[in-house]
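Data first, discussion second: the structure below is written as structure tokens.
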Number of protein chains: 2
Amino acid sequence: MARDSEATRVRILDAAEAEFAAYGIAGSRVDRIAETALANKALIYKYFGTKDELFDAVFAHRVLAFVDEVEFDATDLPAYAGRSFDLYERFPTTLRLTTWYQLERPDGKLPAIVASNDAKLAKIEEAQRAGKLTTAYSPLELLTEVRALAMSWHLHTPELALVRRPSRSRCREIVVESVRRLVDQD
Amino acid sequence: MARDSEATRVRILDAAEAEFAAYGIAGSRVDRIAETALANKALIYKYFGTKDELFDAVFAHRVLAFVDEVEFDATDLPAYAGRSFDLYERFPTTLRLTTWYQLERPDGKLPAIVASNDAKLAKIEEAQRAGKLTTAYSPLELLTEVRALAMSWHLHTPELALVRRPSRSRCREIVVESVRRLVDQD
DNA sequence: CTGAAATAACCAACTCGTTAGTTACATAGG
DNA sequence: CCTATGTAACTAACGAGTTGGTTATTTCAG
């Protein structure tokens, strides 16, 4: 077998992403990641450090890449909500990782996320000053509601998920439409 | 010290709720729960069974409290959203427990929750038939969006939580108002 | 009442499988 | 033969669940 440390790193990252998405940080097992990655456990420690640092690497590598993949347009928040919805549909793993992060890293202050939030809030404020967005809500208020609506279909408890969901396009339509209602002030 | 098994059960339940809310099922430590509850670990196993069963007890307790305390009125969903918001404010552990449950118990089918959902969906349908609620959305669609809006302020990532939130009453107002916008169809 | 037996509440200390993290060694390939 | 890559086997600690008791409270016969 040809030796390729970069390929091994990638296999470990992929296996770790699946493991962390499924079980969270506390519930994940380094041995299981090694097994899935067809790599020796010691290599995980050699390449990534501790389990917590491996999670950080996974989160940075996968999730942060997607933060900027969804274009943020403060003058068209309904479309932004729709794109967010699309992302949650296409990469359910990413959303799970984010949720684990929220729960298990309550003191997290990833600079990239902070910067992304600040940029969004600034863009909203700018759009408001330009008269292109309602001033009925503050930037934080708008971002909060838009985010909640965008992920509404992915917040279902297991029990509510038993009820048959509308089609994907219908769900998307509802998300976009409800954000439109929010920003189209009288 | 007077012996009172019921008081001990309550102390264990309270300590377990705090522990599970903070660390989830996999991350919680039975020893820590015992310490917080000022109770012996063996009593936890005697009264509640395994760690997983203790989580079930805690979760059922919280969920039932929610169902009991938050009256569901399909003809006034904005008010329902407001009451839900109030409960999340009063018992911040509720949403965290629910999220852990979603992540760590993806196959959960708690009868109390299923029944509560069914009842809500039926009431919405009834209100729609009586012409007291918009038929622009199906019952599941309405419940989904209303729930998301009600918990919008409690879904912040650690990074977004760094931004100073509006006053509690303002947040509540936004929740109620945005649900009103949703159900007040043209 | 009384006091001994029965029962309920409680606990310190244990077992034993699991798990994060390490080490000492092996092999590929330039 | 030298370095990067890889590994089996290890350790030390942790953590869920158990055991074999002790202490308090209740019961009930005399």
Side-chain angles (χ1 to χ4, degrees), chain A residues 1-61 97 100-101 103-108, chain B residues 1-61 96-97 100-101 103-105 107-108:
Chain A
M1 184 177 77
R3 292 185 164 189
D4 183 342
S5 68
E6 190 50 36
T8 304
R9 282 180 62 99
V10 170
R11 285 204 317 280
I12 291 172
L13 264 183
D14 288 347
E17 181 182 0
E19 178 79 8
F20 283 126
Y23 303 108
I25 302 174
S28 286
R29 297 293 167 249
V30 179
D31 288 275
R32 203 157 43 195
I33 292 171
E35 192 184 5
T36 305
L38 300 173
N40 190 278
K41 183 165 60 152
L43 292 178
I44 293 176
Y45 288 93
K46 183 175 172 58
Y47 293 149
F48 296 100
T50 66
K51 184 167 85 162
D52 269 48
E53 289 165 347
L54 176 58
F55 178 84
D56 290 342
V58 167
F59 195 68
H61 185 256
L97 279 179
W100 287 116
Y101 176 75
L103 288 174
E104 301 195 279
R105 289 284 172 77
D107 300 323
Chain B
M1 183 177 80
R3 294 185 161 189
D4 182 342
S5 68
E6 191 49 36
T8 304
R9 284 180 61 99
V10 169
R11 285 203 317 281
I12 292 172
L13 214 55
D14 287 348
E17 179 172 352
E19 178 80 8
F20 284 126
Y23 304 107
I25 303 174
S28 287
R29 298 293 167 250
V30 178
D31 289 274
R32 202 158 43 195
I33 292 170
E35 192 184 5
T36 305
L38 301 174
N40 190 276
K41 183 163 62 151
L43 292 178
I44 293 176
Y45 290 93
K46 183 175 173 56
Y47 294 150
F48 296 100
T50 66
K51 183 168 84 162
D52 269 48
E53 288 164 349
L54 176 58
F55 178 84
D56 290 342
V58 167
F59 190 65
H61 185 252
R96 279 186 71 92
L97 281 177
W100 288 116
Y101 177 75
L103 288 173
E104 300 194 280
R105 288 283 173 77
D107 301 323

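Lettering of chains follows the sequences in order, A, B, ..., and the numbering in each one begins at 1.
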Phosphate OP1/OP2 of D:dG6 contacted by A:Y47 side-chain N/O (<4.0 Å): yes
B:A42 side chain, from C-beta outward: closest of D:dT7, C:dA12, C:dC10: C:dA12
Distance, rounded to the nearest Å, where B:L38 contributes CG and C:dA12 contributes P: 12 Å
A:S5 side chain near D:dA4 phosphate (N/O to OP1/OP2, under 4.0 Å): no
Nearest to side-chain heavy atoms of A:V30, which nucleotide of C:dA28, C:dA20, D:dT7: C:dA20
Candidate nucleotides D:dT18, C:dC10, D:dT7, ranked by approach to the side chain of B:Y45 - the nearest: D:dT18
Pairs meeting criterion side chain to side chain donor-acceptor pair (under 3.5 Å) with involvement of residues 44-55 of chain B, two or more places apart: B:D52-B:R105
Aromatic B:F48 / basic B:R9 pairing, under 6.0 angstrom, 45° off normal: yes
Interatomic distance, A:R9 CZ vs D:dT5 P [rounded to whole Å]: 10 Å
pair B:W100-B:I25: side-chain heavy atoms closer than 4.5 Å: no
Distance test, side-chain N/O of B:R29 to OP1/OP2 of D:dA16, below 4.0 Å: yes
Whole-Å gap separating P (C:dT22) and CD1 (A:I44): 13 Å
Spacing between B:R32 atom CZ and D:dG15 atom P, to the nearest angstrom: 8 Å
Spacing of B:L54 atom CG and B:L13 atom CG [to the nearest 0.5 Å]: 7.0 Å
Rounded distance in Å - CG (B:D31) to C1' (C:dA13): 12 Å
For A:D31, salt bridge (charged side-chain N to carboxylate O under 4.0 Å, His left out) partners two or more places apart: A:K41
Between C1' of D:dA4 and CD of A:E6, the distance in whole Å: 14 Å
Nucleotide nearest B:N40 when distance is taken to its side chain, options C:dT19, C:dC11, C:dA8: C:dC11
DNA chain C contacts made by residues 50-59 of chain A, counting heavy atoms under 4.0 Å: A:T50, A:K51
Spacing between A:E35 atom CD and C:dT19 atom P, to the nearest angstrom: 12 Å
Separation between CZ of A:R11 and CD1 of A:I44, rounded to the nearest 0.5 Å: 10.5 Å
Sugar-phosphate only, base, or nothing, as touched by A:K41 at under 4.0 Å among non-hydrogen atoms: base
Plane angle bin for A:F59 and A:Y101 - parallel if under 30°, tilted between 30 and 60°, otherwise perpendicular: parallel
Phosphate OP1/OP2 of C:dA9 contacted by B:T8 side-chain N/O (<4.0 Å): no
Whole-Å gap separating P (D:dT5) and CZ (A:F48): 13 Å
